[in-house]
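Counting starts at 1 for both ligands and their atoms, in listed order. The first residue in the sequence is number 1, and the count goes up from there.
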Amino acid sequence: MILAQWDRRIRRATELTSTYPFAAEGLRFYTRVATFQKGLYAEIQKSLADSPKISSARPLRDELDLFLLLPHFSGFLSLIQQIAPAPLAEAATELAQKGPAGWQQAIENFWHGDLELAAPVDPAEDVHAGDSHEASSSDRLLAWIYLQPYAEYLADHRETLIVDGTPSTCPLCGGKPIVGVLRSEGDGAKKSLICMMCAHEWNFRRIYCPACGEGREPQMAFYSAPEIAHVRVDVCDTCHTYLKSIDLTKTGLAVAVVDELATIPLDLWAREHGYEKLQINLLGT
Ligand SMILES: [Zn+2]
Ligand SMILES: [Zn+2]
């Protein structure tokens, strides 16, 4: 049962709330969001249960079932209004007021767009707010969080894709990696990346920058802190981008996307040292 993957995330977030008190607020928010996402995934599963598997040749984002997705969107916005930090909660209130046509536009713009995201800002300072051609960064963040379970369902229910090489973006949907994973293989570890949109995991080279393609060892480095030994920050000194990797050879208990969210001190370290994150997470970090 694939719903178990949502339960693992929720359980891990609850666990880490006490391990990393500095992340407790963000993790509590995440737990509520993931619980909603699990429910939406279950709805999608119920509705699409009889659909045949989609061919791996068809790009994942060619699908978009608005009849299925739109009816649950207002419930999602009310939840965000109640539980999110101020800028995102305000953005949810504004988007809620736009009604179904506005919701559809926000969903379509994001799904068919470049999947670029920025941290939510005060609506008054958002240069794109009110511009009908470009959705505000907060609307994009909301659409992203909402569409994740749908993208993940589509990724889970398609034919296996044979991937050529080690692409820097998701071979299924084109999303950027949100976190890396290290698993043991022989005497060493193999690396894979997890998609920010559909949660698909694909193999990747150990020393290679997914942002700029740098592959020279001195330019590619990593940092880790003794208190959070199973998570490292992979940095690129050519394009000054970073992405965290969760080392499952050090703890099998970790759930990559959740441990990524919780390890805020590593983001602070990276930013202080002039690195910018390849892909922000749903806390806007
Ligand atoms: Zn993907
Ligand atoms: Zn780079």
Side-chain angles (χ1 to χ4, degrees), residues 2 5-6 9 34 37 40-41 44 48 53-65 69 107 110-117 140-141 143-181 191-223 232-245 255-257 260 266-267 269-271 273-282:
I2 289 164
Q5 73 206 23
W6 296 98
R9 291 171 192 157
Q37 289 179 320
L40 183 58
Y41 189 102
I44 295 164
L48 301 181
K53 275 205 169 184
I54 300 159
S55 155
S56 60
R58 188 175 153 96
L60 186 143
R61 284 194 283 144
D62 277 10
E63 319 282 325
L64 183 60
D65 192 335
L69 291 167
I107 289 173
F110 185 71
W111 187 255
H112 296 307
D114 56 13
L115 304 181
E116 284 295 330
L117 288 163
R140 299 166 65 79
L141 197 66
W144 173 48
I145 298 170
Y146 185 71
L147 288 166
Q148 278 180 333
Y150 179 61
E152 189 163 334
Y153 179 86
L154 294 178
D156 290 339
H157 293 85
R158 56 203 299 116
E159 292 168 357
T160 312
L161 178 71
I162 311 296
V163 181
D164 227 6
T166 53
S168 294
T169 53
C170 175
L172 298 188
C173 76
K176 285 187 200 170
I178 194 158
V179 64
V181 179
K191 184 174 180 175
S192 52
L193 299 176
I194 293 179
C195 175
M196 49 78 88
M197 190 72 226
C198 74
H200 176 67
E201 184 175 334
W202 72 97
N203 290 334
F204 201 64
R205 288 154 66 179
R206 285 204 61 186
I207 298 162
Y208 193 78
C209 172
C212 75
E214 180 60 79
R216 289 172 297 168
E217 194 128 15
Q219 296 300 103
M220 297 299 298
F222 68 87
Y223 167 84
R232 60 184 228 188
V233 184
D234 293 314
V235 301
C236 170
D237 282 320
T238 301
C239 70
H240 304 284
T241 301
Y242 80 95
L243 189 70
K244 288 182 209 167
S245 286
V255 176
V257 289
E260 197 287 318
L266 298 177
D267 295 289
W269 176 88
R271 293 208 167 105
H273 288 78
Y275 299 107
E276 205 181 314
K277 205 170 195 179
L278 178 63
Q279 173 60 52
I280 61 159
N281 60 36
L282 57 73

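When atom types are taken as modelled, the side chain of R61 and the backbone of C173 share a donor-acceptor pair closer than 3.5 angstrom. In this structure a side-chain-to-backbone donor-acceptor pair under 3.5 Å is missing from Q279 to V179. Checking side-chain atoms of Y208 against main-chain N and O of S168 turns up no donor-acceptor pair under 3.5 Å. Not a single donor-acceptor pair under 3.5 Å links the side chain of W111 to the backbone N or O of A151.
Backbone or side-chain N, O or S atoms of C236 reach the Zn ion (ligand 2) at under 2.8 Å. H200 lies apart from the Zn ion (ligand 1) in this respect, since none of its N, O or S atoms is found at a distance under 2.8 Å.
Rounded to 10 degrees, the SG-metal-SG angle spanning C170 and C198 at the Zn ion (ligand 1) equals 110°. Expressed to the nearest 10°, the angle at the Zn ion (ligand 1) joining SG in C195 with SG in C173 is 90°. At the Zn ion (ligand 2), the angle from SG in C212 to SG in C239 is 110° when rounded to 10°.
To the nearest 0.5 Å, atoms OH (Y153) and CD1 (I44) are separated by 8.5 Å.
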